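Let me begin by presenting the structure, written as structure tokens, before commenting on it.
Just so it is clear, the model here is predicted, and its values are computed rather than measured. In what follows, chains are A, B, ... by sequence order, proteins preceding strands, each numbered from 1.
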2 protein chains.
Amino acid sequence: MTTIREDRNVKRTAAAIPAEPGSDREEQTLSAVAYRRLRQDIVSGVFAPGQPLRLELLRQRYGLSFSPLREALNRLHAERLVVAAALRGFSVAPVSADEMWDATETRILIESEALRRSIANGDDAWEARIVAAFHALELQARRTRSNAASDDDVWQLEARHREFHHALIANCRSPRLLGLADQLHAETQRYRLPSLTGGSRAAIRDIAGEHREIMEAALGRAPAEAVTLLAAHYRRTAEERAAALFSD
Amino acid sequence: MTTIREDRNVKRTAAAIPAEPGSDREEQTLSAVAYRRLRQDIVSGVFAPGQPLRLELLRQRYGLSFSPLREALNRLHAERLVVAAALRGFSVAPVSADEMWDATETRILIESEALRRSIANGDDAWEARIVAAFHALELQARRTRSNAASDDDVWQLEARHREFHHALIANCRSPRLLGLADQLHAETQRYRLPSLTGGSRAAIRDIAGEHREIMEAALGRAPAEAVTLLAAHYRRTAEERAAALFSD
DNA sequence: AAAGGTCTTTCTTTCGAAAATCCATCCTGC
DNA sequence: GCAGGATGGATTTTCGAAAGAAAGACCTTT
């Protein structure tokens, strides 16, 4: 009891300070905390696909009350990461080959268009961001592959990968396309294979090379080629995952 | 004692009846009621764009408590129909020419792909549904135009229009594309002009003719042509609305 | 022993109030 | 006169409990 009140007072005070730029800003509401943490835990597989998300369990895990949890679950439901059955609560959305391919092809549709527009609007800052993201991704990939990769290394690699793909389409000037790309990224991310993250199969595919080709086509203002390469990149990833997860 | 048992038994029995098909099924939860009604009221302009959605107001209007209202608002937030500011509540998403065009072009992207796939997968039932929807739309359009159109006529016309466009893409076999099409339909519907619904400008454009051409291209298995016509149809509508609403 | 119905348990959903926050207004001190 | 801070009312957000529904346990009856 006391601990809770103390905690909350601390947060209040912190929230009153107007968010120093550059620093990790304090979350504004508990609903936002619940949303962020739940999304992360679903995408990263802490909760298995199909698993019922019992409110009492979540309440204990996150130390929150029902209201913010239900709000977060409703948002995730709209994003297709959880399914809801009336009067029977929420579950993690199930996975299947069909769902994975639907998410993958929809992602290709969205990001292809976003990439075309991003190239058309491309400027110096856009190019610089892509080059920087590619470089950071390569460094982190090497770091993750070489020595025994820590969990943080794997997490960093995913963040760099996300940033690289986001940088490519960042100049498309469509808030909807960017939002959908983010959402579909989260959905496809659920099919990521733990065994492959730094494993042997990765060597078969020259992922870094694929990234480089996409980047060069984008910077060279060759939209058709860039889109073809990007689609192939995503389809290869999906095929790899389908083969391992659904044993086609 | 007895009363309690009776009450519970009565409700059990009612709930146990498995929702007679065709009849208006009882809404399962109050959250679902709140979602449906709020969405309708936002799309149809009962709440003006930008207007704050005060919870107390909504509570009185719908006779619901905070919890189901907040859940509905969160879902609508994910659909971009309402915007949320932390600790300052929800507002109806504002409208602008930029937003309208983003919604329109995104809708064209989604529905074009869905239409291509729908044509590729098309079967007899799909064709029949399109023809039936087109016919029903024409009848209702005539009914709405001829005599003094009642509010119900206008509402019916919108429903027929929605069903026609939905029938075209219904066979695409992608739950995501269908869901996004529905969502983007709601967003673009907000820019509908009351003055034009049965008004004079409608005569300038041969909307029924555009619909017929799209249908014929689809039934004739000419995906490229169908997609071109559909995109032109949506762009013309958007141009009309931009001219009237944002006085370009 | 099986079928059918009733009770118990578990869980979701809803409610109303309490806590926390924002915003506008007013007051104080310079 | 005005900047700056306190104050009050309106509003959102959160909480914990009560109500409602589903699933399984249990008991009766045949």
Sequence neighbours excluded, which residues qualify as salt bridge (charged side-chain N to carboxylate O under 4.0 Å, His left out) partners of [X]?
X: A:R59; result: A:E56
X: A:R129; result: A:E163
X: B:E113; result: B:R116, B:R117
X: A:D41; result: A:R61

According to side chain to side chain donor-acceptor pair (under 3.5 Å), who are the partners of [X], at least two apart in sequence or on a separate chain?
X: B:R37; value: none
X: B:R235; value: B:E105
X: A:T106; value: none

Phosphate OP1/OP2 of C:dT13 contacted by B:S31 side-chain N/O (<4.0 Å): no
task: With a 4.0 Å heavy-atom cut-off, tell me which residues in residues 47-70 of chain B come close to DNA chain D, sorted by residue number.
output: B:L53, B:R54, B:L55, B:R70
task: Would you list the pairs meeting ring-ring contact (aromatic ring centres under 6.0 Å, His included) in which at least one residue belongs to residues 32-70 of chain B, sequence neighbours left out?
output: none
- request: Could you list all the ring-ring contact (aromatic ring centres under 6.0 Å, His included) pairs where at least one residue sits in residues 161-182 of chain B, not counting sequence neighbours?
  value: B:F134-B:F164, B:H161-B:H165, B:H161-B:H211, B:F164-B:H211, B:H165-B:H211, B:H165-B:H233, B:H165-B:Y234
message: In this structure, how many angstroms lie between the C1' atom of C:dC11 and the CG atom of A:L87, rounded?
response: 10 Å
query: Is it true that B:D102 and A:R176 make a salt bridge, defined as a side-chain N closer than 4.0 Å to a carboxylate O?
result: yes
Pairs under 3.5 Å (N/O, protein and nucleotides 23-25 of chain C):
from: C:dC23; atom 1: OP1; to: B:R88; atom 2: NE; distance (Å): 3.1
from: C:dC23; atom 1: OP1; to: B:R88; atom 2: NH1; distance (Å): 3.1

message: Under 4.0 Å, heavy atom to any atom of DNA chain C: which of residues 75-85 of chain B qualify?
response: none
